[in-house]
Amino acid sequence: MNWLSDLNKIETTFAPILEQWYLIHKRDLPWRHTRDPYRIWLSEVILQQTRVAQGKPYYERFVNTYATIADLANADERELLRLWQGLGYYSRARNLHQTARYVTLQLDGKFPDTYQDLLKMKGIGTYTAAAIASFAFGERVPVVDGNVYRVLARVFGINEDITTTNAKKIFAALAMRLIQSANDPATYNQAIMEFGAIHCTPVAPDCLLCPIQQACVAYLTGRQHQLPVKSKKAPVRERYFSYLVFRQHGKIALRERIARDVWQNLHDFYLLETEDQKEALQGLPLPEEIGNVVQNSVVADSPAESVQLLSHQRIRARFYLIDVPEGLIDSLPTDLHWYTSEEISHLPKPVLITNYLENLFG
DNA sequence: AATGCGGGGAG
DNA sequence: CTCCCAGCATT
């Protein structure tokens with residue numbers, strides 16, 4: 001059958017075509033100049049769900065601060081989180097630290113060097129394991145990330161919803177067949193992601209200059225903009241935060257967030273969350289533990305609302321600056337700690353908090 | 001199989 | 001505004 005031979009042809013020529021395209025069009029990125037598994041791992045974790053432009057300065061700071069995995073293993077976790085601040089998905093930083101310690105202490109500093117062993121590390125899933133295995137060790141295992149889903153869905157006309165388990169199996173199997181024809185697995189893996197990132201882009205793919213245009217099912221059927229199929233995500237949760245910013249002698253009270261919630265292990269102020277919008281301190285249900293203090297303190301702020309948009313929540317926050325009189329400090333909750341502005345600058349904090357403090361301190 | 005987890009840039 | 005980014009862990 002004709003269609004069968006055509007399909008086989010594109011399956012075997014796909015990888016070499018992309019590899020050739022890559023050699024001409026690739027960007028010069030810092031992690032492409034090393035085969036050190038530590039640096040490759042670092043770059044891959046930073047780039048999880050993160051654009052190259054956003055992650056690049058963080059990568060530079062991390063390799064400068066922690067030159068080796070042993071340095072990272074010995075790092076203070078708070079300092080590490082401070083360096084990660086602003087990048088989001090903070091569990092990545094904690095998992096990074098945990099794996100650095102495991103490799104340094106339990107594996108005698110020898111980074112796992114196969115896909116299967118890499119998968120066992122905290123924070124390393126199928127994508128990152130494939131990336132490290134191929135980039136650092138040349139293993140012939142395909143990366144499947146958001147770029148790959150998009151490129152393969154279009155070229156091969158796959159309509160499966162990419163958020164489903166079935167789709168993951170289909171794409172993984174196809175990717176495994178395709179990489180068999182690559183001249184070099186590492187180059188091919190870089191190539192397909194780079195191709196998705198700068199050529200076969202989500203909104204405006206450059207089909208007119210595409211090297212596989214005549215083999216692309218989406219192009220030939222005019223469905224570039226329908227593929228890949230991705231089901232709707234859950235609606236954004238609305239949350240209302242009222243922060244009580246206790247201040248005394250220029251120090252401010254913060255505490256570490258420990259609940260299973262956004263910004264775990266980062267620092268913020270005393271927080272009252274309500275089910276609906278509260279526009280003034282008077283409307284807040286003040287708990288016993290702070291009621292006395294607030295009643296007898298000077299409230300300096302009549303705060304405007306600041307909004308922090310996450311991908312899954314919209315947090316509307318108001319900050320009430322509260323000058324605590326002498327003697328009342330002992331009646332505040334014990335998990336609050338007092339810091340100077342200098343000390344606060346070293347604490348890892350959400351962007352919402354950092355922005356407020358910049359406003360406060362100038 | 002579903003859900004939660006940040007922040008920012010592009011269009 | 002919407003989409004989605006070199007995903008992963010947990011339940």
Side-chain angles (χ1 to χ4, degrees), chain A residues 22 26-27 29-32 40-59 81 84-96 98-99 118-135 142-151 161-169 171-172 175 186 188-198 200-205 225 228-237 239 257 259-266 268 307-315 348-355:
Chain A
Y22 177 71
K26 68 174 177 180
R27 292 168 290 181
L29 299 173
W31 46 85
R32 288 181 174 163
I40 290 170
W41 167 57
L42 195 54
S43 72
E44 293 302 336
V45 173
I46 286 172
L47 292 172
Q48 286 167 7
Q49 293 292 286
T50 304
R51 292 173 187 281
V52 165
Q54 188 187 2
K56 192 170 159 185
Y58 284 85
Y59 173 81
L81 276 169
W84 196 270
Q85 179 174 301
L87 199 52
Y89 289 153
Y90 297 93
S91 65
R92 289 185 291 174
R94 297 195 303 276
N95 289 335
L96 208 57
Q98 186 176 332
T99 291
L118 286 161
L119 264 186
K120 299 170 185 165
M121 301 297 111
K122 255 302 202 269
I124 298 184
T126 53
Y127 164 76
T128 305
I132 300 170
S134 62
F135 300 156
V143 293
V144 183
D145 73 335
N147 292 304
V148 175
Y149 279 121
R150 184 170 56 256
V151 172
D161 180 347
I162 63 170
T163 64
T164 66
T165 303
N166 192 37
K168 294 185 199 324
K169 283 194 285 189
F171 282 91
Y188 165 69
N189 277 338
Q190 293 276 11
I192 189 169
M193 290 193 289
E194 188 79 339
F195 185 70
I198 67 180
C200 192
T201 51
V203 175
H225 303 292
V229 175
K230 191 172 186 178
S231 59
K232 295 269 187 199
K233 57 182 191 308
V236 173
R237 175 156 72 121
R239 300 177 75 176
R257 295 176 61 86
R260 303 174 72 86
D261 194 356
V262 291
W263 306 323
Q264 192 177 10
N265 298 93
L266 275 59
D268 64 358
V307 180
Q308 176 68 46
L309 198 58
L310 314 182
S311 52
H312 48 299
Q313 301 182 15
R314 177 174 17 246
I315 295 172
K349 304 168 289 295
V351 164
L352 175 68
I353 302 300
T354 303
N355 288 345

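We name chains A, B, ... by the order of the sequence lines, and we start the count at 1 in each one.
Heavy atoms of A:Thr126 sit under 4.0 angstrom from primed sugar atoms or phosphate atoms, though from no base atom. Counting any heavy atom pair closer than 4.0 Å across all strands shown, A:Arg150 reaches sugar-phosphate atoms only and no base atom. Within the 4.0 angstrom heavy-atom criterion, base atoms lie near A:Gly88. Among the atoms of the strands shown, none is found under 4.0 Å from any heavy atom of A:Asn189. Among the heavy atoms of the strands lying under 4.0 Å from A:Gln190 is at least one base atom, whether or not backbone atoms are also near. Heavy atoms of A:Trp31 sit under 4.0 angstrom from at least one base atom. Residue A:Thr50 is in base contact, counting any heavy-atom pair closer than 4.0 Å across all strands shown. The residue A:Leu87 sits close to a base: some heavy atom pair falls under 4.0 Å. A:Thr128 comes within 4.0 angstrom of the backbone, heavy atoms only, and of no base.
Rounded to whole angstrom, the span from the CD atom of A:Gln48 across to the P atom of B:dG7 amounts to 16 Å. In this structure, A:Ile46 places its CD1 atom 16 Å from P of B:dG6, rounding to the nearest Å. Look at CG on A:Asn265: it is 13 Å from P on B:dC5, rounded to the nearest Å. Atom CG of A:Leu352 is separated from atom P of B:dG7 by 8 Å (rounded to the nearest Å). Atom NZ in A:Lys168 sits roughly 11 Å away from atom P in B:dA2 (whole-Å rounding). Taking atom CG of A:Asn166 as the reference point, atom P of B:dA1 lies 8 Å away to the nearest angstrom.
Comparing A:Leu266 and A:Thr164 by the nucleotide of DNA chain B that holds the closest heavy atom to each, the one mapping nearer the 5' end is A:Thr164. Toward the 5' end of DNA chain B, the nearer of the two residues A:Thr165 and A:Val262, judged by each one's closest nucleotide, is A:Thr165. With DNA chain C read from its 5' end, the first of the two nearest nucleotides for A:Val52 and A:Arg260 is the one closest to A:Val52.
The same atom, C1', is picked in C:dT10 and in B:dG7; the two are 22 Å apart, to the nearest Å. Here, C:dC8 and B:dG8 have their P atoms 22 Å apart, quoted to the whole Å. Across B:dC5 and C:dA6, the matching P atoms stand 23 Å from one another, rounded to whole Å.
Partners of A:Arg27 by side-chain contact (heavy atoms from CB on, under 4.5 Å), not counting sequence neighbours, listed by chain and number: A:Leu29, A:Arg32, A:Val52, A:Glu194, A:Ala197, A:Ile198. Residues meeting the side chain to side chain donor-acceptor pair (under 3.5 Å) test with A:Thr99, sequence neighbours left out: none. Listed by chain and number, the residues in a ring pair (Phe, Tyr, Trp, His ring centres under 6.0 Å) with A:Phe171 are A:Tyr149 (sequence neighbours excluded). Remark: A:Thr165 pairs with no residue by the side-chain contact (heavy atoms from CB on, under 4.5 Å) rule, at least two apart or across chains.
Using a 4.0 Å cutoff to heavy atoms of chain A, the contacted part of DNA chain C runs 5' to 3' from C:dC3 to C:dT11.
The two residues A:Tyr89 and A:Ser311 have their closest heavy-atom pair at OH-OG, 4.0 Å. Contact detail for A:Asn189 and A:Ala130: the closest heavy-atom pair is ND2-O, 4.4 Å. Between A:Gln308 and A:Leu352, the shortest heavy-atom contact is OE1-N, 3.7 Å.
Between A:His312 and the phosphate of B:dG4, there is no side-chain N or O to OP1/OP2 separation shorter than 4.0 Å.
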If you restrict it to nitrogen or oxygen atoms, what contacts under 3.5 Å exist between nucleotides 8-11 of chain B and the protein, and what is each distance?
unit_1 : atom_1 : unit_2  : atom_2 : d
B:dG8  : N2     : A:Arg51 : NE     : 3.3

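With no hydrogens or angles considered, no side-chain donor-acceptor pair links A:Asn166 and A:Thr164 at under 3.5 Å.
Residue A:Arg150 holds its CZ atom at 7.0 Å from OG1 of A:Thr201, rounded to the nearest 0.5 Å.
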Q | CA sep, side-chain torsions, deciding dist, call: A:Ile192, A:Tyr22, side-chain contact (heavy atoms from CB on, under 4.5 Å) | A | CA-CA 8 Å; A:Ile192 189 169; A:Tyr22 177 71; over 6 Å; no
Q: Carefully, step by step, assess A:Gln48 and A:Thr128 under the rule side-chain hydrogen bond (donor to acceptor under 3.5 Å, both in side chains).
A: CA-CA 8 Å; A:Gln48 286 167 7; A:Thr128 305; 2.9 Å; yes
